[in-house]
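Please read the structure below before turning to the comments.
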There are 2 protein chains.
Amino acid sequence: MTAQPAPGAPATAGTDAMPAPGTPAAQAPAAGSRPAPSGPRAARKRQAIVRAARDLFLREGFGVGMDAIAAEAAVSKVTVYNHFGSKEALFTAVVAGALDEPLTTGPEGPDLAGLAEATDLRTALTEAGRAWVRAVRADDEARALRGLVAGELHRFPELGRAWRAHGPTGHHPAVADALRALADRGRLEIPDLEVAVLQLYSLLVFPQMVFEQYGADLGDELSERLLTDGVEMFLRRYAAPGTA
Amino acid sequence: MTAQPAPGAPATAGTDAMPAPGTPAAQAPAAGSRPAPSGPRAARKRQAIVRAARDLFLREGFGVGMDAIAAEAAVSKVTVYNHFGSKEALFTAVVAGALDEPLTTGPEGPDLAGLAEATDLRTALTEAGRAWVRAVRADDEARALRGLVAGELHRFPELGRAWRAHGPTGHHPAVADALRALADRGRLEIPDLEVAVLQLYSLLVFPQMVFEQYGADLGDELSERLLTDGVEMFLRRYAAPGTA
DNA sequence: ATGCAACTGAACTCTTGAGTTTAACTGAAC
DNA sequence: GTTCAGTTAAACTCAAGAGTTCAGTTGCAT
């Protein structure tokens with residue numbers, strides 16, 4: 001369906017090795033891109049393009065046409081190609097941009113830092129977990145983004161690294177810190193931190209993600225049971241003997 | 001994407017809804033279509049086509065060309081279209097066929113039935129879990145199939161149902177039976193069976209699947225720690241008081 | 001108020017890939 | 001050994017989509 005440009009450089013004139021005579025393409029060879037439009041107007045256009053592209057990519061998938069994107073952005077197709085040299089580049093920019101936003105750690109993200117000070121650990125963990133699950137389940141945009149990138153990953157191996165860094169592994173430090181703080185305070189007893197972190201993920205958010213991948217959705221009610229029971233399980237395993 | 005059929009000729013079958021799960025009636029282009037080729041030779045050709053298509057779909061994704069598939073099957077493209085009316089139909093047939101094979105419950109699948117009789121529950125569970133994880137991790141074909149279908153799911157919503165039925169939810173009955181049997185024998189104490197099943201999944205196989213979706217892979221060593229520790233956690237939560 | 005860079009719109013090129021046609025060619029059934 | 005559905009190779013149609021060209025327009029700065 002998507003007409004793959006021949007592997008290599010389909011863009012202006014020949015490959016990078018042979019600059020076409022007459023074309024002012026000799027600029028900005030540094031990062032491997034043409035001269036990027038600048039100025040206040042250009043910035044507006046660029047933003048409009050990225051917004052439109054993100055909307056359409058998320059809604060329709062990578063297969064959406066550049067004409068549609070340009071139309072949605074109320075911008076000429078040429079402008080799109082002046083800013084981003086190719087569809088791939090645009091896609092990459094969109095995903096990279098989305099990655100910078102507070103996506104996975106949404107506005108309702110779990111309060112990991114405050115966990116160590118909580119008086120009632122079970123309640124605090126449940127609350128944090130609930131926020132976490134909600135962030136994973138309810139954020140349709142993030143959900144679509146996950147599916148989109150996962151599905152198109154083979155086409156963009158470079159994106160894989162950045163993507164992974166913002167994926168589950170990206171949270172490790174924060175979660176690990178929270179658990180370590182609890183262990184240091186003597187409230188948890190964790191022999192293997194790495195495993196504990198993964199288990200917390202496993203019990204709380206992975207079920208959501210896996211079912212989502214299969215196009216299914218655990219209901220609100222089952223999600224809640226899974227949450228409270230998951231916390232229960234985690235605490236039974238790791239709660240320090242003193243803390244009932 | 002799909003080119004319009006010649007003016008006058010009604011589309012050949014097109015995306016036909018999948019038959020009920022379990023019915024391997026892959027062909028039979030139902031309403032108003034050409035007859036499906038039959039005979040001993042046709043059967044051979046058909047099999048060759050499906051095999052080639054599966055290989056290429058799994059290796060290259062849905063984007064692979066019909067010409068390539070025909071070539072790989074050592075068959076004329078027309079023959080492909082005589083058997084399956086469209087690329088979509090072929091894809092559907094391939095996935096449906098793969099679903100019927102012992103995929104997820106591979107040859108090395110976990111011995112769920114024998115779990116209840118095991119003398120050492122922890123060891124038995126660990127062993128079964130190990131087989132399970134191995135089936136999930138090592139089976140490249142199943143892995144590719146998961147990624148393929150997940151990525152192309154939006155294009156084949158009908159496939160979603162059949163797919164889901166063979167996904168994690170598809171195992172529920174077997175796992176649930178095993179756990180119930182253990183509960184009946186008084187070796188486990190499970191207040192919420194549905195949750196317990198999901199938790200077992202969560203602790204043992206979901207981490208593998210999630211990381212795989214992100215293009216990453218937990219190592220052998222971490223997988224093993226996760227396994228033994230997951231079993232530990234599960235038993236601490238559900239082991240009946242009497243059974244140390 | 002002028003100049004340039006960025007933008008527009010529309011027509012254009014080029015490639016790819018799905019599906020079809022045709023005429024000649026099996027191979028299995030009778 | 002005729003027959004006919006099934007098969008083949010190759011040339012074909014058709015649509016769509018990426019990327020480009022170009023002649024003209026517009027925003028922004030000096």
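Note on naming: letters A, B, ... go to the chains in the order of the sequence lines (proteins, then strands), and numbering restarts at 1 for each one.
Of the candidates D:dA18, D:dG6, C:dA29, the closest approach to any side-chain atom of B:P40 belongs to C:dA29. Side-chain proximity of B:D67 to the nucleotides C:dA18, C:dG9, D:dG19 is greatest for C:dA18. Closest approach to the B:A42 side chain among D:dG6, D:dC28, C:dT22 is made by D:dG6 (side chain taken as heavy atoms from C-beta onward). Side-chain proximity of B:Y81 to the nucleotides C:dG19, D:dA29, D:dT8 is greatest for C:dG19. Distances from the side chain of B:T79 to the nucleotides D:dT8, C:dA18, D:dG19 place D:dT8 closest. Counting only heavy atoms from C-beta on, B:R41 has its side chain closest to D:dG6 among D:dG6, C:dC7, D:dA18.
A:R155 places its CZ atom 10 Å from the P atom of D:dA18, with the value rounded to the nearest Å. Between the CZ atom of B:F62 and the P atom of C:dG17 there is a distance of 12 Å, given to the nearest Å. Atom NZ of B:K45 and atom P of D:dG6 are 13 Å apart (whole Å). Atom CD1 of A:I49 and atom C1' of C:dT8 are 13 Å apart (whole Å). A straight line from CZ of B:R46 to P of D:dA5 spans 19 Å, rounded to a whole angstrom. Between A:L56 atom CG and D:dA18 atom P the separation is 12 Å, expressed in whole Å. Rounding to whole angstrom units, CG of residue B:N82 and P of C:dG19 are separated by 13 Å. Straight-line distance from the CZ atom of A:F91 to the C1' atom of D:dA18: 16 Å, rounded to whole Å.
Shown here is B:E224, whose CD atom has more than 12 heavy atoms of other residues, nucleotides or ligands within 6.0 Å. Around CZ of A:R59, the count of heavy atoms belonging to other residues, nucleotides or ligands within 6.0 Å exceeds 12.
Between A:W163 and B:Y214, the ring planes lie parallel to each other; the angle is under 30°, not in the 30° to 60° tilted range. Relative orientation of the A:H172 and B:F211 rings is tilted, given thresholds of 30° and 60° on the angle between their planes.
Remark: C:dA29 base-pairs with D:dT2; criterion is Watson-Crick or G-U wobble with both hydrogen-bond distances under 3.5 Å.
Taking for each of B:S76 and A:V64 the nucleotide of DNA chain D with the nearest heavy atom, the 5'-most of the two is the partner of B:S76. Take the nearest nucleotide of DNA chain D for B:V78 and for B:S38: the residue whose nucleotide is more 5' is B:S38.
Applying the 4.0 Å criterion to OP1 and OP2 of D:dT20, one finds that A:K77 has every side-chain N and O outside that range. Phosphate contact (OP1/OP2 of C:dA28, side-chain N/O of B:R44, threshold under 4.0 Å): present. The side chain of A:H83 contributes an N or O atom lying less than 4.0 Å from OP1 or OP2 of C:dC7.
Residue B:A70 is classed as having no contact, given no heavy-atom separation below 4.0 Å to the nucleic acid. A:G65 comes within contact range of the sugar-phosphate backbone alone, with a heavy-atom separation under 4.0 Å but no base atom that close.
Judged by the 6.0 Å and 45° rule, A:K87 forms no cation-pi pair with A:F57. For the pair B:R46 and B:F84, the distance from NZ or CZ to the six-membered ring centre is under 6.0 Å and the angle to the ring normal is within 45 degrees.
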